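Below, chain A is the first sequence line, B the second, and so on; all start at residue 1. For the numbers below, each heavy atom of this structure counts, side chains included, while hydrogens, waters and symmetry mates do not. Predicted model only: the values in this text are computed from it and were never measured.
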There are 2 protein chains.
Amino acid sequence: MKPKIPVPETLTDQLRRGALMATECPSRDVLKHVTSRWGMLSLIVLLDGTHRFSELRRKIGGVSEKMLAQSLQALEGDGFILRKSLPVVPPHVEYSLTPLGVEVAVQVRQLGDWIELNLSRVLQAHVQRAA
Amino acid sequence: MKPKIPVPETLTDQLRRGALMATECPSRDVLKHVTSRWGMLSLIVLLDGTHRFSELRRKIGGVSEKMLAQSLQALEGDGFILRKSLPVVPPHVEYSLTPLGVEVAVQVRQLGDWIELNLSRVLQAHVQRAA
DNA sequence: GTAAGTACGTACAAAAAGGTAAGTACCCAT
DNA sequence: ATGGGTACTTACCTTTTTGTACGTACTTAC
């Protein structure tokens, strides 16, 4: 007879807690925002402090206004970024990381740093593969 | 007069070394492979040891064969993954991490772990925003 | 013999991401 | 008064990504 293992939590609970390997887990969405090209770079830049919209745009090479705005909104929705709009004209908006945002951003920066530091080794792998 | 700062390396050198904020830097491509949805999850699973293709497919919820193959090939090209094909029929292929791959995978898993562990806090942010 | 599994490649279609250009409403410098 | 900057939004179009379904060549299980 099969030993009956008591189920400590429902599947829904598991998903709420975080189950990246399951398709339907909301963590997949968060992952998408955090690892999106412009999202990642925004988080990294914001670790250096508060920035205005246009400052971010200039620091992040190749980003369009549309995509930057979109990425920032997704991260704001996840509670990673704080948006402070000063009621002046011309517009003045300041973006900064929330405490939660600092935590992810640190993880993201570590990954980004590793890639920057080890790029030459990866490029090595490419040339050896080509040979 | 402006003090002339001697340039220690060319722009090309900087890009080769890794300059994530610059559009044309090859590190952007590596980043893309590593942070791609299926790439990330593959790396994380492979940290647990060697897997066959179909084992990976079953562990990674929602991945199609096509995308899995594609992601694995990209990571293989970057020197992160080793592919060993046994000359038998039916086919038997084993995937594992290279030493370089283990290093990135550790970074990736840390980010993944953070998200899984803190998902509830992010979900909190969403409901508060909705209110 | 019939179905399922193995590790893909390929063709086609759908979906998502991204780029471009324009508009807004007002300020400042030339 | 003309041009540029600010922080976006919207519409439209292109590119990229992803999914679906099928084919392969052969084995094992039923």
Side-chain angles (χ1 to χ4, degrees), chain A residues 20-26 28-43 45-46 50-78 81-96, chain B residues 20-26 28-43 45-46 50-78 81-96:
Chain A
L20 268 182
M21 293 303 161
T23 323
E24 337 74 44
C25 184
R28 286 275 179 99
D29 293 324
V30 180
L31 190 70
K32 210 194 253 179
H33 301 156
V34 167
T35 62
S36 72
R37 198 151 47 133
W38 309 123
M40 267 195 86
L41 298 177
S42 299
L43 288 173
V45 170
L46 286 177
T50 299
H51 284 71
R52 297 183 60 169
F53 184 83
S54 53
E55 291 171 340
L56 287 170
R57 181 170 42 95
R58 275 189 294 265
K59 282 202 181 179
I60 301 171
V63 74
S64 67
E65 298 193 342
K66 180 187 143 193
M67 288 315 298
L68 182 57
Q70 212 170 97
S71 306
L72 291 173
Q73 282 162 15
L75 294 172
E76 194 195 352
D78 288 339
I81 281 183
L82 195 80
R83 177 179 181 275
K84 194 193 298 180
S85 174
L86 310 184
V88 296
V89 63
H92 184 126
V93 181
E94 297 187 338
Y95 290 94
S96 56
Chain B
L20 269 182
M21 293 303 161
T23 323
E24 338 73 44
C25 185
R28 287 273 179 101
D29 293 323
V30 180
L31 190 71
K32 209 195 255 176
H33 302 156
V34 167
T35 62
S36 73
R37 197 152 48 134
W38 310 123
M40 266 194 87
L41 299 178
S42 300
L43 288 173
V45 170
L46 287 177
T50 299
H51 284 71
R52 294 184 60 170
F53 184 83
S54 53
E55 290 173 340
L56 286 170
R57 180 170 43 96
R58 275 188 294 267
K59 283 202 179 180
I60 302 171
V63 73
S64 67
E65 299 193 341
K66 181 186 140 194
M67 287 314 298
L68 182 56
Q70 212 170 97
S71 306
L72 291 173
Q73 282 162 15
L75 294 172
E76 194 195 352
D78 288 338
I81 281 183
L82 196 79
R83 178 180 180 273
K84 194 194 295 181
S85 174
L86 310 185
V88 297
V89 63
H92 183 125
V93 181
E94 296 187 340
Y95 289 93
S96 56

Base, sugar-phosphate, or nothing for B:Gln73, non-hydrogen atoms under 4.0 angstrom? sugar-phosphate
Do the side chains of B:Val45 and B:Glu55 get nearer than 4.5 Å, heavy atoms only?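 The answer is no; the side chains never approach within 4.5 Å.
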Does any non-hydrogen side-chain atom of B:Leu46 lie less than 4.5 Å from one of B:Leu75?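 No, every pair of side-chain atoms sits at 4.5 Å or beyond.
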Can you check each nucleotide of nucleotides 16-30 of chain C against protein heavy atoms at under 4.0 Å and return B for base, S for sugar-phosphate only, - for none, in 5' to 3' order? -SBBB-----SS---
Work out which heavy atom in B:Ser71 is nearest to a heavy atom in B:Trp38; give both atom names and the distance.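 Nearest heavy atoms, B:Ser71 then B:Trp38: OG-CB, 3.5 Å.
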Using modelled atom types only, decide if a donor and an acceptor are shared between the side chain of A:Arg28 and the backbone of A:Leu20 within a distance under 3.5 Å.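 Yes, the answer is positive, given that a donor and an acceptor are paired below the 3.5 Å cut-off.
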I'd like the 5' and 3' limits of the part of DNA chain D contacted by chain B, with heavy-atom contacts below 4.0 Å. D:dT17 to D:dT27
How long is the straight-line distance from CD1 of A:Ile60 back to OG of A:Ser42, given to the nearest 0.5 Å? 3.5 Å
To the nearest 0.5 Å, tell me how far B:Leu56 CG sits from B:Leu41 CG. 10.5 Å
Strictly by Watson-Crick or wobble contacts shorter than 3.5 Å, is anything paired with D:dC30, and which nucleotide is it? C:dG1
Side chain to side chain contact (heavy atoms under 4.5 Å, CB included) for A:Lys59 and B:Met21? Distances and angles first, verdict last. CA-CA 7 Å; A:Lys59 282 202 181 179; B:Met21 293 303 161; 5.7 Å; no
According to salt bridge (charged side-chain N to carboxylate O under 4.0 Å, His left out), does anything in residues 60-71 of chain B pair up with another residue at least two apart or in another chain? List the pairs.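 Listed once each, the pairs are B:Arg57-B:Glu65.
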